[in-house]
Amino acid sequence: MNIQRFTDGRALSQDLARRILAAIDRQPGLVLGLPTGRTPLPLYAALREQTPPAGTDWSAVRTFNLDEFVGLGASDQESYRAYMERELFAAVGVDPTHVGFLDGRAADPDAECGRYEEAIAAAGGIDLMILGIGANGHIGFNEPAPGLHARTHRARLQPGTRAANAALFGGDISRVPDEALSMGMATILRARSVILMATGAGKAAAVDAMIRGPITTMLPASFLQLHPDVTVMVDLAASPR
Ligand code: F6R
C-alpha cells in the first residue's frame with residue numbers, strides 16, 4: 001500500500017480533489033466509486049470549489065456509491081442518495097442518468113443488490129474507488145464478522161456504526177436504520193484503483209491494523225492488502241505508527 005500523510009483533512013482533501021479532477025480530464029467517462037460519511041465532506045467541498053464553470057467536465061462521469069440505508073430512498077433527506085445530491089452531484093454537474101445508487105426502498109432488496117452488480121459490470125467496472133474507513137475497520141458496510149460477503153448484499157449495522165451515523169438523523173441513534181445495502185468486498189476489490197481516506201485520531205488504530213495486521217474478516221479493510229493499487233491518504237492524527 002502506498003501511504004501518503006497530510007497535515008490535516010483539508011490538505012488531504014484538496015490534494016485528492018485535484019487527483020480526481022485530473023483523472024476525469026484524462027478519462028472523461030471515468031467510473032467512480034464513492035463513499036458518504038463525515039470524512040469525505042471536505043473532499044466534496046474541494047471538488048465543488050475546484051470545478052469552476054469552465055473547468056472539468058463531469059457530464060460523462062459515472063458514479064456508484066458504496067451503500068444506502070434500507071428503508072430510505074432519494075426523496076428522504078437522511079438517505080445517502082440525498083447526501084450525495086447535496087454535497088456533490090448537483091454542484092459539479094453529474095448527469096442524473098449516470099448516477100448508480102442502491103435503492104434502500106426497493107421492494108426486493110436481494111434483487112436490488114443483483115441489479116447493482118449488473119449495473120457496475122455494464123459500466124465496465126469501477127475505475128477509481130474512493131473509500132472511508134470505520135473505526136472498527138469496516139469499509140462500505142462490510143462490518144467485522146466471522147465471514148464477509150463477496151457481492152453487494154443486505155448488511156446489519158453494528159451499534160457503533162449506527163452511532164457514527166446519528167448526525168444525519170438529528171443526532172438520534174434510534175432513527176438510524178439498523179440495515180443497509182452495501183457493495184461487498186469483492187465488488188470493492190475489483191475496482192482498478194483504490195484510494196482510502198482516513199482523518200482523525202479515532203481512525204488511527206484501524207488504519208494501522210489495516211496496513212500492518214493480518215488479513216482478517218474481523219477487520220474488513222485489511223483485505224485491501226490483496227489489491228495491487230491502493231493509496232491510503234491520512235492526516236497526521238490518523239497516521240499509522
Ligand atoms: C459510507 C461508508 C462507510 C464510511 C465509514 C467512515 O458510505 O462507506 O464505510 O466510509 O463508516 O465514516 P466517517 O467518514 O463518517 O467516519
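Note that this is a predicted model, so its numbers are computed, not measured.
- Evaluation of the salt bridge (charged side-chain N to carboxylate O under 4.0 Å, His left out) rule for R162 yields no partner, not counting sequence neighbours.
- Applying the side-chain hydrogen bond (donor to acceptor under 3.5 Å, both in side chains) rule to S193 yields the partners D229; only residues at least two apart in sequence or on another chain are considered.
- Listed by first then second residue, pairs satisfying salt bridge (charged side-chain N to carboxylate O under 4.0 Å, His left out) with a partner in residues 38-52 read R48-E87, not counting sequence neighbours.
- Sequence neighbours left out, the pairs with a member in residues 93-109 that pass salt bridge (charged side-chain N to carboxylate O under 4.0 Å, His left out) are D76-R105.
- Here CG of D67 is found 10.0 Å from OG1 of T152. Values are rounded to the nearest 0.5 Å.
- Rounding to the nearest 0.5 Å places CD of Q50 at 5.5 Å from CZ of R18.
- For the atom pair L88 CG and N65 CG, the distance stands at 9.0 Å (nearest 0.5 Å).
- Under the salt bridge (charged side-chain N to carboxylate O under 4.0 Å, His left out) criterion, D208 pairs with R212, R241, not counting sequence neighbours.
- For R154, the salt bridge (charged side-chain N to carboxylate O under 4.0 Å, His left out) partners at least two apart in sequence or on another chain are E179.
- Within the model, atoms CD1 of I24 and CG of L47 stand 7.5 Å from one another, a figure rounded to the nearest 0.5 Å.
- Partners of E78 according to the salt bridge (charged side-chain N to carboxylate O under 4.0 Å, His left out) rule, which considers only residues two or more places apart in sequence or in another chain, are R175.
- Taken to the nearest 0.5 Å, the CZ atom of R115 stands 13.5 Å off from the CG atom of D110.
- Under the rule for a side-chain hydrogen bond (donor to acceptor under 3.5 Å, both in side chains), S222 has no partner lying at least two apart in sequence or in another chain.
- A donor-acceptor pair under 3.5 Å links the side-chain atoms of E143 to the main chain of Q158, judged by distance alone.
- Partners of H149 by ring pair (Phe, Tyr, Trp, His ring centres under 6.0 Å), not counting sequence neighbours, listed by chain and number: H153.
- Linking Ile, Leu, Val, Met, Phe, Trp and Tyr whenever their side-chain heavy atoms come within less than 4.5 Å puts I126 and I139 in one cluster.
- Pairs passing the salt bridge (charged side-chain N to carboxylate O under 4.0 Å, His left out) check and including a residue from residues 25-35, sequence neighbours excluded, do not occur.
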Let me have the donor-acceptor pairs involving side chains of residues 127-134, under 3.5 Å, with sequence neighbours excluded, atom names and distances please.
residue, atom, partner, partner atom, Å
D127, OD1, R192, NH1, 2.6
D127, OD2, Q27, NE2, 3.0
D127, OD2, V31, N, 2.9

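- The minimum heavy-atom distance linking D235 with L12 is given by the pair N-CD1, 3.8 Å.
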Hey, can you pull the donor-acceptor pairs under 3.5 Å for the side chains in residues 180-188, sequence neighbours left out?
residue, atom, partner, partner atom, Å
S182, OG, F141, N, 2.9
T187, OG1, E117, OE2, 2.7
T187, OG1, A150, O, 3.4
T187, OG1, G184, N, 3.1

